[in-house]
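The structure appears below as structure tokens.
Every chain is numbered from 1, with letters handed out A, B, ... down the list of sequences. The analysis underlying the following values was restricted to heavy atoms, covering all of them including side chains, and did not include hydrogens, waters or symmetry mates.
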Amino acid sequence: MSSAVPDATGHFGRYGGRFVPEALVAAVDELTEAFEQTRTDPEFQTELRGLLRDYTGRPSPLTDAPRFSEQAGGARVLLKREDLNHTGSHKINNVLGQALLTRRIGKKRVIAETGAGQHGVATATAAALMGLDCTVYMGEEDTRRQALNVARMRLLGAEVIPVTTGSRTLKDAINEAMRDWVTNVETTNYLFGTVAGPHPFPLMVREYQRVIGDEARAQILERCGRLPDAVAACVGGGSNAIGIFTAFVPDESVRLVGFEAGGEGIESGRHAATITGGAPGVLHGARSYLLQDENGQTIESHSISAGLDYPGVGPEHSYLHDIGRAEYRPITDAEAMDAFSLLSRTEGIIPAIESAHALAGALQLGRELGSSSVILVNLSGRGDKDVETAVRWFGLDEPETGG
Amino acid sequence: MTALSDALAKARADGRAALIGYLPVGYPSVALSIEAMRAMVAGGVDVVEVGVPYSDPVMDGPTIQAAAEVAVRAGVGLRDVLRAVSGVHDAGAAAAVMSYWNPIDHFGVDRFAADLAAAGGSGIITPDLIPDEAGPWLEASDAHGLDRVFLVAPSSTDDRIAATAGASRGFVYAASTMGVTGSRAAVGDAAARLVARVRSLAPEIPVCVGLGVSSGAQAAEVAAFADGVIVGSALVRRMLDAPDDRGVAAVRRFAEELAAGVRSRP
């Protein structure tokens, strides 16, 4: 099913496409051509597979979470451990592919946007590995809440530029990166971090991330002798979700559930649940669902998770939603933080707050599907970067009382 | 034939380039922005680019971003834009709307085209809509007799220049350099080369040059090789420096300087 989309011009049904300045068309054409060539180029694929194995540490394990499962209606919950990848999240899968592609098209400088900083860290890492100049745009608000990742990027030799326009988060970082790209496109490649943006990014990032689901499907068949009843993933732009969904799209018995950032609740208006609370429109180069007001202006999103704090979503998610192949639900900040705490205390795994949205979703799904069900969760990243946020949320910085 | 096409034909008949000035609606207020547009017409601008403020202007530099952000926060929308179009039309100049695509997409392409034609507008300039994605707009502009101005850039291939010029009506907008809007010390050779390429591939349609023109002298320089000179950020800068009647007066004086520029013989 998924092989049918996008079409040759990057459309997933009515979504996707290329809503870009003409100045960028030559660059996205060049990328499309290089990407298509390398899909069947054995040398390129061998090099990429080698990096994923020896540098990233793939395949990532599949971990049973029995004590966590007790809270999920007794369903068997399995975690796809993207948090154990080098750099601590799924972002490295995509970045290694795009960095190799950058070398292939002969460009020496890469730029990236980042929200939580995971894509920025991955990009800075790949740039260091391959000797590319690297500039990362990050909303000023996010540089504060993810200070650890800013330091990591700088240690890796990247320049981090705090973006002070608009909501000072991921959306504005993308705007600034696009401005850089249109100005420096002759020397610079844009390593886009998610399955949004103009064609070929939604396709290319999906193909670099689908390794998650390809591995997980084989692992779960081996471990459980059957397919899962549901696959759960968090959705901001949606790259980890597409990454784990893609292998399962043809398996009609498997429910695909994306969990969006519900922030303080949909009714509060302070959320980042694009499909749940938005409408189709055009943002950052593609048609997809987005949060917008009556004038078609983008609404600033809100989430405790910097990586999900984005008012848009990849066009393939909009398509999967409309055709009914995947469903999308909101998870509030409070629900996500409860799941964050639960996984830490029951399994000894501190998840990224982004991934905690998928974990909260798995708790819901398990209670709905019952104790005989099997649920696969994409644990897309680790929570080291979120420790400060969690300390504040849970009030752990207060002195312990009593004896 | 639209007022825009008339204005370009008239300038050509006078042996000069047309002068096209941009201001966003709603900075510092809707009323003052319309006054500034009319002052620009009094100063000698042939065509006003009526800018739609947008929350995510990826083709704009800091000057236009700053003005647009104020207008977006004030809730300025396409109804206000249509009022500005009427104001420019009444002042005797051609009005073309300049908009990122989502505000129009959200309003409804055909509905906006109908309202724009009714307000006396000539067409729409679309910086982030390429003809490849413009199906509904191509239909609506035909149905309502509007011009549609697409952009070409120094990086455009010959095939794309030919296709983009073929889809355009009114004029083709040549982005003088690779980059976002904003004043530049020099316009550079890239603009002249691009105009020459467009002319060789599409001899019929006028080619106007924008991005970076910030003085009468630069306007004269561009007027020597283009059918129209587009000035944006440098006009917006006048309003940012004095967001009141003084800014309006400064816009008029600057428009006079630019109008003299496009009429000077090198």
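Using a 4.5 Å cut-off on side-chain heavy atoms (C-beta onward), Val25(A) and Arg160(B) make contact. Counting heavy atoms from C-beta on, the side chains of Asn102(B) and Leu283(A) never come closer than 4.5 Å. No side-chain heavy atom of Val282(A) sits less than 4.5 Å from a side-chain heavy atom of Leu129(B).
Closest of all the heavy-atom pairs between Ser55(B) and Thr298(A) is OG-N, 2.9 Å. Annotation for Glu22(A) and Ser155(B): closest pair O-OG, 4.3 Å, computed over non-hydrogen atoms.
When heavy atoms are compared at a cutoff of 4.5 Å, Pro127(B) approaches chain A solely by way of its backbone atoms N, CA, C and O. Neither the backbone nor the side chain of Val52(B) comes within contact range of chain A, judged by heavy atoms closer than 4.5 Å. Phe107(B) does not touch chain A: none of its heavy atoms, backbone or side chain, sits under 4.5 Å away. Using a 4.5 Å cut-off between heavy atoms, Glu69(B) contacts chain A through its side chain alone, with no backbone atom that close. Neither the backbone nor the side chain of Asp180(A) comes within less than 4.5 Å of any heavy atom in chain B.
Residues of residues 181-190 of chain A that come closer than 4.5 Å to chain B, counting heavy atoms only, are Val182(A), Thr183(A), Val185(A), ordered by residue number.
Highest contact tally toward chain A, considering only Asp60(B), Thr126(B), Thr164(B), is held by Asp60(B) [criterion: heavy-atom pairs under 4.5 Å]. Your options are Ala153(B), Gly179(B), Gly77(B), Pro62(B), and the one with the most heavy-atom pairs under 4.5 Å with chain A is Gly179(B). Heavy-atom pairs under 4.5 Å with chain B were tallied for Val20(A), Leu290(A), Asp293(A), Leu24(A); the largest tally goes to Val20(A). The greatest number of non-hydrogen atom pairs below 4.5 Å with chain B, out of Asn295(A), Asp29(A), Ile174(A), is found for Asn295(A).
Of the charged side-chain nitrogens involved, at least one lies within less than 4.0 Å of a carboxylate oxygen, so that Asp105(B) and Arg287(A) count as a salt-bridged pair. A salt bridge links Asp56(B) to Lys171(A): one of the charged nitrogens lies within less than 4.0 Å of a carboxylate oxygen. Salt bridge present: Arg73(B) and Glu300(A) bring a charged side-chain N and a carboxylate O closer than 4.0 Å.
Without hydrogens or angle criteria, Arg179(A) side chain to Met59(B) main chain gives no donor-acceptor distance under 3.5 Å.
Just one of Glu294(A), Gln292(A), Gln297(A) meets the side-chain hydrogen bond (donor to acceptor under 3.5 Å, both in side chains) condition when paired with His106(B); it is Gln292(A).
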